Peer 1: 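The following block contains the structure, expressed as structure tokens.
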Amino acid sequence: MIQNIRGTKDLFFEEILKWHFVEEQFRKVSNLFGYNELRTPIFEKTEVFQRSIGETTDIVNKEMYTFLDKGGESITLRPEMTAALVRCVVQHNLYNLFQNLRLWYFGPFFRYERPQKGRSRQFHQYGAECIGSPYPESDAEIIFLAISIINSLNINNFSLEINSIGNLNSREKYKLELINYFKDNINYLSEESKNRLNINPLRILDSKDENDRKIIENCPNILDYLDDESKEHFDILINILDRSNIKYSLQPKLVRGLDYYSHTVFEFRSNRLGSQDAFGGGGRYNNLIEELGGKPTPAVGFALGVERLILIMDNSNHFVDLKNKIDFYIVYSKYEYFDKISLISNKLRKYGYSVIFDIQRKSFKSQLKEADKLNSKFVIIIGEEEYLNNQLSLKNLSNGVQKTIPIDSIEAINLYL
Ligand code: HAM
């Protein structure tokens with residue numbers, strides 16, 4: 001038997017209804033904030049991700065699905081959307097159309113990680129990007145949108161962790177301090193962190209290694225190194241969050257796993273997830289658009305992991321009584337009645353009802369059984385008597401009430417339901 005690839009998942013029946021529910025909220029809430037959907041291909045030229053996410057990140061170093069296509073071009077299955085979205089915005093000059101671009105997306109992403117609960121190799125993200133404003137008001141809008149999406153899924157057990165990694169100037173100063181600090185503790189650092197020390201010391205703060213974590217605990221605090229501009233940006237955002245009654249915790253060690261950020265970075269966590277407890281993250285990326293060949297344009301955004309959202313909802317019992325249901329199952333006693341059944345079905349479908357009827361030449365009794373199994377709300381019965389009198393019997397499966405109505409009045413079937 002051929003099996004699916006490790007770290008991927010097949011979705012069907014009740015499971016897919018959960019996805020329909022969350023996808024519907026994504027559309028609805030994005031629309032409420034005036035965000036437009038954007039879709040890009042699931043693969044890009046490798047440089048799109050290499051240049052933006054950063055050569056020293058785990059994503060670029062270890063996790064990308066990169067291959068040469070038959071034309072010899074290096075292609076990568078997208079590990080995240082921001083870089084691909086920026087590629088698209090620059091290519092089509094989308095930022096010339098509006099002063100502020102408000103975009104959202106949903107789709108599959110790929111990272112070669114060790115699969116475990118909440119971590120897969122193909123996963124899905126919902127995300128949004130607000131392009132064009134350098135002001136903290138747009139960071140706030142993005143956080144409001146993320147929280148509205150989370151609330152629309154009835155998820156209320158979560159925390160928002162926030163930090164500022166400042167502008168380039170502040171970060172350079174901070175990096176020097178970090179290098180000094182880690183050099184003093186070099187013997188305790190993991191090999192990977194030692195390697196990162198001189199290339200990108202900020203990456204060490206994102207290390208999952210236990211010994212590294214102990215050293216990181218006492219390292220210098222980035223908030224002490226923010227210059228006036230960076231500090232003002234962050235202070236205003238924090239003030240907005242306070243005034244809006246949004247709960248957050250300041251996490252001065254939060255740097256995120258991608259290199260394109262500046263100023264604000266944030267993450268959403270839930271205690272309903274186990275070890276992979278971050279179900280979303282984002283931040284500001286003021287230099288990325290320019291780095292990918294566009295005109296200098298500030299931007300901020302976030303993404304939520306959809307598998308993790310659904311896991312939280314599962315663990316909070318949010319999905320009760322999810323069943324595929326149909327309105328009508330038509331039971332008929334002779335397969336010669338097929339044409340008439342087709343006609344009735346098509347009419348009902350025209351009025352917006354879902355209809356199934358037997359195509360296996362099953363017995364009357366088996367058809368009734370199947371109607372039950374498929375959670376049909378009503379059964380329509382066409383036996384010989386109904387067929388000859390051009391009638392149908394309509395049975396409500398929840399209360400057993402049965403009525404006979406002329407087939408000619410099927411347009412008004414809602415009056416009988
Ligand atoms: P990220 O933190 O790499 O950010 O991913 C966002 C979310 O995607 C994570 O919090 C997690 O829920 C989910 N996720 C990531 N990897 C996996 C995986 N292997 N299995 C399951 N879920 C996963 C970004 O991707 C940025 N592009 C976010 C952003 C948008 N920043 C600015 N704009």
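First listed ligand is number 1; within each ligand, the first listed atom is number 1. Keep in mind that what you see is a predicted model, and the values were worked out from it rather than measured. Index from 1, following the sequence.
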Peer 1: Just do the side-chain hydrogen bond (donor to acceptor under 3.5 Å, both in side chains) check on S190 and D209 with the steps written out, would you?
Peer 2: CA-CA 7 Å; S190 65; D209 183 275; 4.6 Å; no
Peer 1: Distance under 4.0 Å to a non-hydrogen atom of G281: what atoms of ligand 1 satisfy this?
Peer 2: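 The list of qualifying atoms is 28 (C), 29 (C).
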Peer 1: Just need the protein heavy atom nearest to atom 8 (O) of ligand 1, so name the residue and atom and give the distance.
Peer 2: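 Result: Q125 NE2, 3.2 Å.
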Peer 1: Between Y35, F106, W19, W104, which is the residue that forms a ring pair (Phe, Tyr, Trp, His ring centres under 6.0 Å) with Y126?
Peer 2: W104
Peer 1: Is it true that the side chains of Y260 and T82 contain a donor and an acceptor less than 3.5 Å apart?
Peer 2: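 Yes, because at least one side-chain N or O of Y260 sits under 3.5 Å from a partner of the opposite role on T82.
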Peer 1: Which is closest to atom 19 (N) of ligand 1 in terms of heavy atoms, E63, R111, E113?
Peer 2: E113
Peer 1: Find all atoms of ligand 1 within a distance of less than 4.0 Å from any non-hydrogen atom belonging to F302, and give their numbers and elements.
Peer 2: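 Counting from 1, the qualifying ligand atoms are 29 (C), 30 (C), 32 (C), 33 (N).
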Peer 1: Does A278 come within less than 4.0 angstrom of ligand 1, counting non-hydrogen atoms of the residue?
Peer 2: yes
Peer 1: Return yes if a side-chain donor-acceptor contact under 3.5 Å exists between N167 and S170, otherwise no.
Peer 2: yes
Peer 1: Does E267 reach ligand 1 with a nitrogen or oxygen that is under 3.5 Å from one of the ligand's nitrogen or oxygen atoms?
Peer 2: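 Checking ligand 1 against E267, no N or O pair falls under 3.5 Å apart.
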Peer 1: Give the atom numbers and elements of ligand 1 that come within less than 4.0 Å of a heavy atom of T82.
Peer 2: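 Reading through ligand 1 atom by atom, the close ones are 27 (N), 29 (C), 30 (C), 31 (N), 32 (C), 33 (N).
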Peer 1: Quick test: of every protein heavy atom, which one is nearest to atom 27 (N) of ligand 1, and how far off is it to 0.1 Å?
Peer 2: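 Its nearest protein heavy-atom neighbour is E80 OE1, 2.5 Å.
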Peer 1: Classify the ring geometry of F123 against F109: parallel below 30°, tilted from 30° to 60°, perpendicular beyond 60°.
Peer 2: tilted
Peer 1: Does F279, backbone or side chain, put an N or O under 3.5 Å from an N or O of ligand 1?
Peer 2: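 For ligand 1, there is an N or O atom that lies under 3.5 Å from one belonging to F279.
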Peer 1: What is the nearest protein non-hydrogen atom to atom 13 (C) of ligand 1, stated with its residue, atom name and distance?
Peer 2: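 Residue, atom and distance for the closest contact: G305 CA, 3.6 Å.
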Peer 1: Mark yes when over 12 heavy atoms from residues, nucleotides or ligands other than I359 sit less than 6.0 Å from its CD1; otherwise mark no.
Peer 2: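 It does not: I359 CD1 has 12 such atoms or fewer within range.
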Peer 1: Do me a favour and list the nearest non-hydrogen protein atom to atom 1 (P) of ligand 1 with residue, atom name and distance?
Peer 2: R256 NH2, 3.6 Å
Peer 1: Among all protein heavy atoms in this structure, tell me which lies nearest to atom 10 (O) of ligand 1, with the distance rounded to 0.1 Å.
Peer 2: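 Minimum-distance protein heavy atom for atom 10 (O) of ligand 1 reads G280 N, 3.1 Å.
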Peer 1: Any luck finding a side-chain donor-acceptor pair between S148 and N151 under 3.5 Å?
Peer 2: no
Peer 1: Looking at L237 and A140, what are the two nearest heavy atoms and their distance?
Peer 2: CD1-N, 3.7 Å
Peer 1: What residue and heavy atom of the protein are closest to atom 11 (C) of ligand 1, and at what distance?
Peer 2: R308 NH1, 3.5 Å
Peer 1: Test S270 against N157 for side-chain hydrogen bond (donor to acceptor under 3.5 Å, both in side chains), laying out the working first.
Peer 2: CA-CA 6 Å; S270 163; N157 256 322; over 6 Å; no
Peer 1: Counting only nitrogen or oxygen atoms and a 3.5 angstrom limit, does A128 reach ligand 1?
Peer 2: no
Peer 1: In terms of relative ring orientation, are F357 and F338 parallel, tilted or perpendicular, with 30° and 60° separating the classes?
Peer 2: perpendicular
Peer 1: Counting non-hydrogen protein atoms only, what is the nearest one to atom 20 (N) of ligand 1? Give residue, atom name and distance.
Peer 2: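 For atom 20 (N) of ligand 1, the nearest protein heavy atom comes out as S120 N, 3.0 Å.
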Peer 1: Under the side chain to side chain contact (heavy atoms under 4.5 Å, CB included) rule, what do T264 and V300 come out as? Steps first, then yes or no, please.
Peer 2: CA-CA 8 Å; T264 317; V300 53; 5.6 Å; no
Peer 1: Whether the S275 and Q116 side chains hold a donor-acceptor pair (N or O, under 3.5 Å, no angle test) is what I'd like checked.
Peer 2: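 Side chains of S275 and Q116: pair found under 3.5 Å.
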Peer 1: May I ask you to check whether E307 has an N/O atom sitting below 3.5 Å from an N/O atom of ligand 1?
Peer 2: no
Peer 1: Could you list the atoms of ligand 1 found under 4.0 angstrom from a heavy atom of E129?
Peer 2: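 Listed by number with element: 30 (C), 32 (C), 33 (N).
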Peer 1: Please write down residue, atom name and distance for the protein heavy atom closest to atom 26 (C) of ligand 1.
Peer 2: Y260 OH, 3.4 Å
Peer 1: For ligand 1, which atoms have a heavy atom of G301 less than 4.0 angstrom away?
Peer 2: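 Counting from 1, the qualifying ligand atoms are 30 (C), 31 (N), 32 (C), 33 (N).
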Peer 1: Can you list everything that forms a salt bridge (charged side-chain N to carboxylate O under 4.0 Å, His left out) with K18? Sequence neighbours excluded, please.
Peer 2: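 Salt bridge (charged side-chain N to carboxylate O under 4.0 Å, His left out) check on K18 returns E15, D314.
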Peer 1: Nearest heavy atom to atom 22 (N) of ligand 1 wins, so pick from F123, Y112, Y285.
Peer 2: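 Looking at heavy atoms only, F123 sits closest to atom 22 (N) of ligand 1.
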Peer 1: Parallel, tilted or perpendicular: which one describes the rings of Y174 and Y225, with boundaries at 30° and 60°?
Peer 2: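 Plane angle between 30° and 60°, so tilted.
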Peer 1: Provide the number and element of each atom of ligand 1 under 4.0 Å from a heavy atom of G282.
Peer 2: 31 (N)
Peer 1: G118 near ligand 1, heavy-atom distance under 4.0 Å?
Peer 2: yes
Peer 1: Tell me which one of Y261, F109, Y105 gets a heavy atom nearest to atom 31 (N) of ligand 1.
Peer 2: Y261
